[in-house]
**Q** 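One structure, as structure tokens, below. Some questions next.
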Amino acid sequence: MFAIMIILLAVLALVIVNALAHSPWGVFSIGMTIPIAVFMGFYLRVLRPGRVTEVSVIGVALLLLAIVAGGWVAESSFAGTFTLEKETLVIWMVVYGFLASVLPVWMLLAPRDYLSTFMKVGTIALLALGVVIAMPTLKMPSVTDFAASGDGPVFAGSMFPFVFITIACGALSGFHALVSSGTTPKMIQKETQVRMIGYGAMLTESFVAVMAIIAACIIEPGLFFAVNSPGGVIGTTVESASQAVTNFGFAISPEALTQAAKDVEEASLLSRTGGAPTFALGMSEIFSAVIGGAGMKAFWYHFAIMFEALFILTTLDAGTRVGRFMLQDTLGNVHKSFKDVSWKPGVWFASAIVVGGWGYFLWVGIKDPLGGINQLFPLFGIANQLLAAVALAVCTTLLVKSGRLKWAWVTGVPLVWDATVTLTASYQKIFSEDVKVGFFAQRDKYQAGIDADKVLAPAKNMDDMHTVVTNATVDGVLCAFFAVLIIVVLADAARTCLKAVRDPGSATLSEVPWTESKIVAPAGLIATAEERAELASAGPDTGGGHVREPVA
């Protein structure tokens with residue numbers, strides 16, 4: 001799980017780097033969320049404890065000011081200061097990830113992520129409103145020929161199982177399970193709030209996924225494939241890209257590709273893979289149709305890029321903290337002090353290892369198009385869903401062992417589906433003879449090219465050929481390794497559940513026993529009439545909730 005976490009964090013960090021590189025507006029606006037968050041943390045902790053609504057209004061106002069000021073900075077003489085190269089961004093992100101992991105959660109991580117949520121939910125809500133007002137036309141066919149052939153230029157492979165691996169966080173995400181187990185409990189007052197927070201968050205994430213699909217499907221299909229296809233498939237010029245996309249069955253002229261980039265003030269939109277530019281293009285189409293027209297496309301495009309980087313950064317800092325928890329818990333088996341999450345040497349050491357891990361893969365990936373996280377990127381979707389299988393297996397086992405067998409289907413059915421899909425995808429990525437799908441098939445193809453002294457695209461020289469062979473081998477071995485470990489976890493979970501069903505008395509739980517909470521707090525965002533009455537009669541406010549007075 002720790003290895004998968006490092007890969008996930010590096011991929012997310014790569015998306016942020018690609019979004020913020022040479023973007024003074026984005027760098028300034030996102031950078032300003034850090035001091036704003038620290039101010040909010042101290043405001044709630046020291047200046048005005050418990051005044052969440054008050055600090056929220058102040059924080060959102062400062063965030064909006066930072067966004068507007070980012071546009072001013074981009075047009076000012078300070079633009080050069082905030083125009084950062086990818087390598088510089090990697091360094092700053094590693095520094096931020098380390099600080100967010102070691103500082104108290106109330107000081108930086110919680111208020112910054114809380115602040116970013118307003119931006120994320122607010123923008124997505126405005127996007128939905130924009131869709132209703134603009135009523136854009138979906139231009140992508142509902143089903144393309146690639147769905148049947150499985151040889152698409154963006155993702156190769158059959159619809160089953162790969163469509164379920166591609167649409168990840170908006171449907172099922174192991175990464176979210178890790179974050180909710182490591183950081184969410186620190187930010188709630190009582191267990192009854194978990195349903196609103198957890199289920200509400202995944203509904204919101206699903207809504208984001210729907211809006212992302214809409215944004216991708218309203219742009220011209222030819223432009224979509226030019227943006228999302230790798231350079232080795234469409235080339236590096238608008239002429240070669242136009243010809244390649246036409247061969248896919250979607251015509252677009254070189255002039256149209258040039259104009260599309262010009263409309264959003266980008267030098268080129270070719271091979272801008274990763275999803276963020278596509279989402280931004282769709283958002284700019286919708287927002288410009290409602291406000292400002294074509295002249296505002298560039299503004300909305302760069303606003304969307306900044307918005308995406310802002311909320312993806314929340315997963316990076318929370319994920320780094322969760323990775324630190326995981327590593328400390330593991331190292332605690334060797335040295336007990338590591339299990340104490342307040343032991344500073346353990347906190348600093350584990351945090352340094354986590355940020356060093358994803359920072360290394362990110363740095364190498366930035367420097368080498370075939371190295372670092374680019375090498376492991378093909379594992380991203382499968383790794384995320386394998387983590388989800390672990391989470392569902394743990395929940396199912398807990399339900400069975402705690403005597404709730406009749407409810408085990410709630411997590412058991414999704415577990416069976418997720419394991420079937422993900423392990424099928426893993427099998428095909430390992431054993432498929434299609435070089436576009438199978439890791440080892442790709443390795444054999446490029447090894448044959450090396451033996452014949454031929455350079456095959458996308459490699460440009462013999463060194464690249466050897467790198468492709470190495471990458472495909474590493475990906476294939478890791479994919480098999482992860483799949484085998486997940487099978488072991490599932491088998492052990494099945495063994496434990498079967499034992500608990502046959503002999504309920506033998507089931508031992510390690511969870512903390514249930515105790516009645518003395519804190520009176522609403523379970524949802526808005527208190528019910530009963531909850532308001534209970535709050536009013538509970539007594540003084542202490543620590544964000546009312547403590548129920550003992551009955552004499």
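No hydrogens, no waters, no symmetry mates; every other heavy atom, side chains included, goes into these values. These numbers were taken from a predicted model, which means no experiment stands behind them.
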**Q** Going from OG1 on Thr192 to CD1 on Ile197, what distance comes out if it is rounded to the nearest 0.5 angstrom?
**A**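 Output value for this atom pair is 10.5 Å.
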**Q** Taking the inter-plane angle between the rings of His302 and Trp25 on a 0 to 90° scale, is it parallel (under 30°), tilted (30 to 60°) or perpendicular (over 60°)?
**A**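 Aromatic pair His302/Trp25 classed tilted.
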**Q** Should Arg272 and Asn228 count as side-chain neighbours, where that means a heavy-atom distance under 4.5 Å?
**A**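 They are not in contact (no side-chain heavy atoms under 4.5 Å apart), so the answer is no.
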**Q** Any side-chain hydrogen bond (donor to acceptor under 3.5 Å, both in side chains) involving residues 128-137? Give me the pairs, sequence neighbours left out, ordered by first then second residue.
**A**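 Residue pairs passing side-chain hydrogen bond (donor to acceptor under 3.5 Å, both in side chains), neighbours aside: none found.
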**Q** Give a yes or no on whether the ring-centroid distance for Phe42 and Trp106 is below 6.0 angstrom.
**A**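 Yes, the ring of Phe42 comes within the 6.0 Å limit of the ring of Trp106, centre to centre.
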**Q** Nearest 0.5 angstrom please: Met140 CE to Ile214 CD1, how far?
**A**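 So the gap between those two atoms works out to 14.0 Å.
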**Q** With sequence neighbours excluded, what pairs up with Leu103 under the side-chain contact (heavy atoms from CB on, under 4.5 Å) test?
**A**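 Leu99, Met107, Leu108.
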**Q** Pairs of donor and acceptor atoms involving the side chains of residues 63-70, under 3.5 Å and at least two apart or interchain, shall be tabulated with distances.
**A**
none

**Q** With sequence neighbours excluded, what pairs up with Trp409 under the ring pair (Phe, Tyr, Trp, His ring centres under 6.0 Å) test?
**A**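 Trp409: no ring pair (Phe, Tyr, Trp, His ring centres under 6.0 Å) contacts found.
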**Q** Can you list everything that forms a side-chain hydrogen bond (donor to acceptor under 3.5 Å, both in side chains) with Arg495? Sequence neighbours excluded, please.
**A**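 Per chain and number, Arg495 pairs via side-chain hydrogen bond (donor to acceptor under 3.5 Å, both in side chains) with Asp492.
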**Q** Can you tell me how far the CG atom of Leu89 sits from the CD1 atom of Ile16, to the nearest 0.5 Å?
**A**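 With rounding to 0.5 Å, CG (Leu89) is 10.0 Å from CD1 (Ile16).
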**Q** Output a table of donor-acceptor pairs, distance under 3.5 Å, between side-chain atoms of residues 120-135 and any protein atom two or more places apart or on a different chain; print 'none' if there are none.
**A**
from: Lys120; atom 1: NZ; to: Glu205; atom 2: OE1; distance (Å): 3.1
from: Thr123; atom 1: OG1; to: Met119; atom 2: O; distance (Å): 2.7

**Q** Can you list every salt bridge (Lys or Arg N to Asp or Glu O under 4.0 Å) pair that touches residues 31-48, not counting sequence neighbours?
**A**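 Pairs touching residues 31-48 that pass the test: Arg48-Glu54.
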**Q** With sequence neighbours left out, write down each residue that passes ring pair (Phe, Tyr, Trp, His ring centres under 6.0 Å) with Phe164, or none if nothing qualifies.
**A**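 Per chain and number, Phe164 pairs via ring pair (Phe, Tyr, Trp, His ring centres under 6.0 Å) with Trp417.
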**Q** What class does the angle between the rings of Phe28 and Phe82 fall in, given that below 30° is parallel, 30 to 60° is tilted and above 60° is perpendicular?
**A**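 If you compare the ring of Phe28 with that of Phe82, the planes turn out perpendicular.
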**Q** Under 3.5 Å, is there a donor on one side chain and an acceptor on the other for Thr33 and Arg112?
**A**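 Yes.
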**Q** Under 3.5 Å, is there a donor-acceptor pair between the side chain of Glu531 and the main chain of Thr528?
**A**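 Here the side-chain-to-backbone pair exists.
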**Q** Side chain of Lys190, backbone of Ile519: donor and acceptor closer than 3.5 Å?
**A**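 Yes; at least one donor-acceptor contact below 3.5 Å.
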**Q** Would you say Ile526 and Pro522 make side-chain contact, with heavy atoms under 4.5 Å?
**A**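 No. Closest side-chain heavy atoms not under 4.5 Å.
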**Q** Return each pair, listed once, that meets salt bridge (Lys or Arg N to Asp or Glu O under 4.0 Å) where at least one residue sits in residues 278-291; pairs must be two or more places apart or across chains.
**A**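 The answer is Glu285-Lys297.
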**Q** Under the ring pair (Phe, Tyr, Trp, His ring centres under 6.0 Å) rule, collect the residues that match up with Phe287, sequence neighbours excluded.
**A**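 With neighbours one apart ignored, the set is Trp300.
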**Q** Are Lys401 and Thr496 side-chain neighbours, meaning at least one heavy-atom pair lies under 4.5 Å?
**A**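 Of all side-chain heavy-atom pairs linking Thr496 with Lys401, at least one is under 4.5 Å.
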**Q** Is a donor on one side and an acceptor on the other found under 3.5 Å between the side chain of Asn333 and the backbone of Thr330?
**A**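 Indeed, once roles are kept as given, a pair shorter than 3.5 Å links the two residues.
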**Q** Could you check whether the rings of Phe118 and Tyr114 sit parallel, tilted or perpendicular, using 30° and 60° as the cut-offs?
**A**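 The rings of Phe118 and Tyr114 stand perpendicular, inter-plane angle above 60°.
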**Q** For Ser337, what residues pass the side-chain hydrogen bond (donor to acceptor under 3.5 Å, both in side chains) criterion, not counting sequence neighbours?
**A**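 Partners of Ser337 under the side-chain hydrogen bond (donor to acceptor under 3.5 Å, both in side chains) test: His335.
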**Q** Holding to side-chain hydrogen bond (donor to acceptor under 3.5 Å, both in side chains), I want the full list of residues that pass it with Thr117, two or more places apart in sequence or in another chain.
**A**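 With neighbours one apart ignored, the set is empty.
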